[in-house]
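Have a look at the structure below, then the notes.
What you are looking at is a predicted structure, and each value in this text was computed from that prediction instead of being measured. So you know, we letter chains A, B, ... as the sequences are listed, proteins then strands, and number each from 1. Both backbone and side-chain heavy atoms feed into the values below; hydrogens, waters and symmetry mates do not.
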2 protein chains.
Amino acid sequence: MESKNAKEWKCPVEVILAMVSGKWKIMIFRELASGKPVRYNQISDNIPHVSAKVLTQQLREMEADGLLRREIFQEIPPRVEYSLTECGLGILKAMMELRKWGYGLKDVDMSKCEECGAYRLYYDE
Amino acid sequence: MESKNAKEWKCPVEVILAMVSGKWKIMIFRELASGKPVRYNQISDNIPHVSAKVLTQQLREMEADGLLRREIFQEIPPRVEYSLTECGLGILKAMMELRKWGYGLKDVDMSKCEECGAYRLYYDE
DNA sequence: CCGGATCCTAAGGGATACTG
DNA sequence: CAGTATCCCTTAGGATCCGG
């Protein structure tokens, strides 16, 4: 059995990459980019093909990582709103540096989604 | 069967995240951060716990993605050197923005590796 | 409306042995 | 020195059904 150092020893870049690595998290960032609270269904509607289970799962992971907050309104019907925290907004901003390089890469399809009409991730164009 | 749009439609941030997402790729970036060519064993020696198979695999993926170049010298014993491309260096630099935020996060162990004495990823301190 | 519980599959990564 | 070749296992993510 090997030492577990490789797992226990954390690097700031790897920690952040782990927090944003999830199939739909970039798109969740986009939906919350304004900083304003957004309802669950609004997020769901703007992200085609994601199942409720997986979306919820990724939202919970992001909440646990401190990227977003979740507010529950005890109403009928129920309402839940999500919004990015300061940390989430800061990381989103940092990712824009990666985005600048991404634009220069070949094999990147920058067209909009045919279904929702949006880019996967945009920011003050 | 669903539309495959979700997979075919590429986002610049996701493309880059995919390119740097590999258990050892951040550490490979660190080894090549100087921009100078580095031999295979030099990389391997500075990254504890990685097997030859996986290290080679990740190096090849990064080469295919245009992040690094691989030079083979037909000598005995054989010599192979790796170095970051302009693209790789640019992405490394962009990742430093993520790193700034990472430093502010809780649960990030910033101590050096006990075996190799280095941080997983550093850059002109 | 916003999920939880359960089951399943694909793929990244690890252990070990071997080689031009 | 710098890798291949196999075999194996864990885990993220998906499908489907159920519930406050």
Reckon F73(A) touches a base, only the sugar-phosphate, or nothing at all at heavy-atom distances under 4.0 Å? nothing
With a 3.5 Å distance limit and no angle check, can you tell me whether K10(A) reaches the backbone of D107(B) through a side-chain donor-acceptor pair? yes
Run the side-chain hydrogen bond (donor to acceptor under 3.5 Å, both in side chains) test against E81(A) and tell me which residues pass, sequence neighbours left out. R79(A)
Please classify the nucleic acid contact of S51(B) as base, sugar-phosphate, or nothing, using heavy-atom distances under 4.0 Å. nothing
Separation of dG13(C) atom P from E61(B) atom CD, nearest Å, is 7 Å
Verify the contact: side-chain N or O of Y82(A) to OP1 or OP2 of dC2(C), cut-off strictly under 4.0 Å; return yes or no. no
Under 3.5 Å donor-acceptor, T56(A) side chain and A52(A) backbone: yes
Measure from the side-chain heavy atoms of R60(B) and tell me the nearest of dG14(D), dG3(C), dT4(D). dT4(D)
Give a yes or no on whether L59(B) and I72(B) share a hydrophobic cluster (residues Ile, Leu, Val, Met, Phe, Trp, Tyr; joining criterion: side-chain heavy atoms under 4.5 Å apart). yes
Among dG20(D), dG3(D), dG3(C), which nucleotide sits nearest the side chain of A52(A)? dG3(C)
Nearest-angstrom distance from the residue atom CG of D45(B) to P of dA2(D): 10 Å
Measure from NE2 on H49(A) to P on dG13(D) and round the result to the nearest Å. 17 Å
Quick one: Q74(A) CD to dC2(C) P, roughly how many Å, whole number? 12 Å
Q58(B) atom CD is separated from dG12(C) atom C1', nearest whole Å, by 9 Å
Find which nucleotide of DNA chain C each of P78(B) and V50(B) is nearest to by heavy atoms, and output the residue with the more 5' nucleotide. V50(B)
dG3(C) phosphate, OP1 or OP2, under 4.0 Å from R79(A) side-chain N/O: no
Along DNA chain D (nearest heavy atom to each residue), the more 5'-positioned of R39(B) and K53(B): R39(B)
K23(B) side-chain proximity, nearest of dG13(C), dC1(C), dG3(C): dG13(C)
Can you measure L55(A) atom CG to dC1(C) atom C1' for me and round it to whole angstrom units? 13 Å
Separation of atom CD1 in I72(B) from atom P in dG20(C), rounded to whole Å: 17 Å
When all nucleic acid strands are considered with a 4.0 Å heavy-atom cut-off, which category describes E75(B): base, sugar-phosphate, or nothing? nothing
D109(B) (side chain) donor-acceptor with S111(B) (main chain) under 3.5 angstrom: yes
dG13(C) P sits how many Å from K25(B) NZ, rounded? 7 Å
